[in-house]
Amino acid sequence: MSRKTGIALLVSFVAALLVAGCTTSNHSGDSVGKQKATNELVVGDILYDTDAYQIAQQKQMQAYADSLGIKMIFENQQGKGTSAPNLMDDLLAKGVDGVIFQPADANVSVPLVRQAQARGVPVLGWGIPFGAGVTAPYVGLDERAEAVAAGKDAAQYVLKNFPGQPVKVLIVTITGVSICSDLRMGGFDQGVKEVAPNALIVTVNGNGDRNTAVTVTEDVLQRDKGFNIATGCNSDMAMGALQAFKSAGLGGATGKKPDHAYFFSINGTDEELRALTDASTPLMAVLGLTPKEVAKTLIDTMVKVIHGEIPAKGNYTANVPDTPLTPDCSVANAFNKEEYFAAQDLPCVSG
């Protein structure tokens, strides 16, 4: 064999290896980088708190994840944004494929989302948007229109049933949290004013906590007992406000007609539904969150993000609607069992 022939053969051999290597690399890349099957995924979830809604959502997420073969790892901020950094570190250390995150503090969440994204772990926002400076897919609640309608209903009720009284509203909220200021309480405020433009609306910070809601409501009632509408941004604050009204002798109803104040609440927990369907309480309407639908939407969306069907750093947004509830026993019972795992009927079973 001549030297030229040998070189030509060597070149041909190397070229063949390179072609084979590219082909092998492509197939190997498909194999190595192949998306995990859904039933092999591990998803982390940083929950907001341990209230009745959050507990129901965790149960619903676990049940739906189990049906898909997905492993869930739950962490809980206990309502404190300062807890989130350690929780995110723990999830990333456990090798999760994605993180669902409802931040207790929107600003604290920003570097945590960046941290996860930098490691190739997508983060799905839920319920409360992340602070400025980070982009991630998000699942929210379609509540504004329903909150506006609830505000209208409350104001119309007062004008009809408390003639001659000025419309006075107490709102217990969480200062600086967009889900309260923009969607829930902001919408309720708007609805009231569309019916009663001169309504007096007093807003206090309940900090998302029942005990705080009781305290701030008691303080307000010491100065003014003339409120005929009251509400809170979540069940703990609304029911805390109702507790304070009862302590002041203002929290009763006769035949489901409020003696002093019309109450509206948001979440749809067992406690709220019992009050809603109790003729002696002034809770007249509840906007029920749907943990079952929320759980399915969150997990399905997270799987799509992990598999690249939804950009991990994009502006994808989905919204889950709530369910408006009235003092209808049969509807309340069905909702309680389907969404909150209630094992027994509410006391108003004959309704």
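Count residues from 1 along the sequence.
The CG atom of Asp236 sits 8.0 Å away from the CG atom of Asp49 when rounded to the nearest 0.5 Å. One finds the CG atom of Asn86 at 11.0 Å from the CG atom of Leu91 (value rounded to the nearest 0.5 Å). Going from atom CG of Asn207 over to atom OG1 of Thr175 covers 8.0 Å, rounded to the nearest 0.5 Å. Summarising the geometry, atom CD belonging to Glu146 is positioned 7.5 Å from atom OG1 belonging to Thr323; distances are rounded to the nearest 0.5 Å. Here CZ of Phe162 is found 8.5 Å from NE2 of His260. Values are rounded to the nearest 0.5 Å. A distance of 11.0 Å separates OG1 in Thr38 from CD1 in Ile299, rounded to the nearest 0.5 Å.
There is a side-chain donor-acceptor pair under 3.5 Å between Asn336 and Asp270. A donor-acceptor contact closer than 3.5 angstrom links the side chains of Gln190 and Arg144. Under 3.5 Å, the side chains of Tyr157 and Asn228 contain no donor-acceptor pair of N or O atoms. Between the side chains of Ser280 and Lys256, no donor-acceptor pair of N or O atoms lies under 3.5 Å. Counted by atom type alone, Asp259 and Thr254 present one or more donor-acceptor pairs between their side chains at under 3.5 Å. Checked by atom type, the side-chain pair Ser109/Asn107 shows no donor-acceptor distance below 3.5 Å.
Within the 4.5 Å cutoff, side-chain heavy atoms of Leu87 are placed close to those of Gln77. Here the side chains of Asn39 and Leu68 are not in contact, with every heavy-atom distance at 4.5 Å or above. Side-chain atoms of Asp105 and Thr82, non-hydrogen and from C-beta on, never get closer than 4.5 Å to each other. Looking at heavy atoms from C-beta onward, Glu293 lies in side-chain contact with Glu339 at the 4.5 angstrom threshold. Contact annotation: the side chain of Asp278 never approaches that of Arg274 to less than 4.5 Å [non-hydrogen atoms, C-beta and beyond]. Thr203 is not listed as a side-chain neighbour of Met185, based on a closest heavy-atom distance of 4.5 Å or more. The shortest side-chain heavy-atom distance between Met61 and Lys296 does not fall under the 4.5 Å cut-off. Between Leu289 and Val294 the shortest side-chain heavy-atom distance does not fall below 4.5 Å.
Phe245 meets the ring pair (Phe, Tyr, Trp, His ring centres under 6.0 Å) test with Phe263; sequence neighbours excluded. Scanning for side-chain hydrogen bond (donor to acceptor under 3.5 Å, both in side chains) contacts around Ser83 gives an empty result, with sequence neighbours left out.
The heavy-atom pair separating Ala253 from Pro282 by the smallest distance is CB-N, 3.8 Å. Ser235 approaches Thr269 most closely through the heavy-atom pair OG-CG2, 4.0 Å. Across every non-hydrogen atom of Tyr138 and Ile128, the tightest pair is OH-N, 3.5 Å. Leu276 and Ala285 make their closest contact through CD1-N, 3.6 Å (heavy atoms, listed as atom of the first residue, atom of the second, distance). For the residue pair Phe74 and Gln62, the shortest heavy atom distance occurs at CE1-OE1, 3.2 Å. Taking both residues in full, the closest heavy atoms of Thr277 and Ala332 are given as CG2-CB, 3.9 Å, listed atom of the first, atom of the second, then distance.
The cluster map of Ile, Leu, Val, Met, Phe, Trp and Tyr, joined by side-chain heavy atoms under 4.5 Å apart, puts Met239 and Met237 in the same cluster. Both Met88 and Val134 are assigned to one and the same hydrophobic cluster, defined by single-linkage of ILVMFWY side chains at heavy-atom distances under 4.5 Å. A continuous path of hydrophobic side-chain contacts links Tyr64 to Leu47 [ILVMFWY only; heavy atoms under 4.5 Å]. Under the 4.5 Å side-chain heavy-atom criterion for Ile, Leu, Val, Met, Phe, Trp and Tyr, Val96 and Val139 are members of distinct hydrophobic clusters. Note on Val158 and Ile201: same hydrophobic cluster, where clusters join Ile, Leu, Val, Met, Phe, Trp and Tyr whose side-chain heavy atoms are under 4.5 Å apart, directly or indirectly.
Arg184 contributes no side-chain N or O that, together with a main-chain N or O of Ile266, makes up a donor-acceptor pair within less than 3.5 Å. Lys225 places a side-chain N or O within donor-acceptor distance of the main-chain N or O of Leu221, the cut-off being under 3.5 Å. Distance alone, capped at 3.5 Å, places no donor-acceptor pair between the Thr50 side chain and the Gln78 backbone. When atom types are taken as modelled, the side chain of Thr215 and the backbone of Asn211 share a donor-acceptor pair closer than 3.5 angstrom.
Asp189 has a carboxylate O that lies under 4.0 Å from a charged side-chain N of Lys193, or vice versa, which qualifies the two as a salt bridge. The pair Arg223-Asp219 does not meet the salt-bridge criterion, since no charged nitrogen lies less than 4.0 angstrom from a carboxylate oxygen.
Using a 30° and 60° split on the angle between ring planes, Tyr53 and Tyr340 fall in the perpendicular class, above 60°. Between Phe101 and Phe130, the ring planes lie tilted relative to each other; the angle falls in the 30° to 60° range.
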message = Between Ile171 and Val204, does the side chain to side chain contact (heavy atoms under 4.5 Å, CB included) criterion hold? Intermediate values first, please.
response = CA-CA 6 Å; Ile171 292 177; Val204 294; over 6 Å; no
ask   = Hey, mind stepping through Lys36 and Asp97 against side chain to side chain contact (heavy atoms under 4.5 Å, CB included) and telling me if it holds?
value = CA-CA 9 Å; Lys36 283 186 178 180; Asp97 297 295; 3.2 Å; yes
query = Given the rule in the salt bridge (charged side-chain N to carboxylate O under 4.0 Å, His left out) test, do Lys168 and Asp224 qualify, once you have shown the distances and angles that lead to the verdict?
reply = CA-CA 10 Å; Lys168 300 180 74 172; Asp224 187 349; 2.5 Å; yes
key: Worked verdict on Arg210 versus Asp51 for salt bridge (charged side-chain N to carboxylate O under 4.0 Å, His left out)   = CA-CA 10 Å; Arg210 182 181 301 247; Asp51 57 79; over 6 Å; no
task = Before giving the answer on side chain to side chain contact (heavy atoms under 4.5 Å, CB included), spell out for Gln57 and Asp45 the whole-Å C-alpha distance, their side-chain angles and the decisive distance to 0.1 Å.
result = CA-CA 11 Å; Gln57 181 184 312; Asp45 185 6; 4.3 Å; yes
request  = Take Asn267 and Val286 through the test side chain to side chain contact (heavy atoms under 4.5 Å, CB included) and record every step on the way to the result.
outcome  = CA-CA 7 Å; Asn267 270 14; Val286 170; over 6 Å; no
inquiry  = Apply side chain to side chain donor-acceptor pair (under 3.5 Å) to residues Ser330 and Asp328 and explain how you reach the verdict.
reply    = CA-CA 6 Å; Ser330 59; Asp328 183 310; 2.7 Å; yes
Quiz: residues 110-118 side-chain donor-acceptor pairs under 3.5 angstrom, not counting sequence neighbours:
from, atom 1, to, atom 2, distance (Å)
Arg114, NE, Gly133, O, 3.3
Arg114, NH2, Gly133, O, 2.8
Gln115, NE2, Asp89, OD1, 2.8
Gln117, NE2, Thr135, O, 3.1

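Counted within 6.0 Å of NZ on Lys59, heavy atoms from surrounding residues, nucleotides or ligands total 12 or fewer; the atom is thus considered open. Atom NZ of Lys80 is surrounded by 12 or fewer heavy atoms from other residues, nucleotides or ligands within 6.0 Å.
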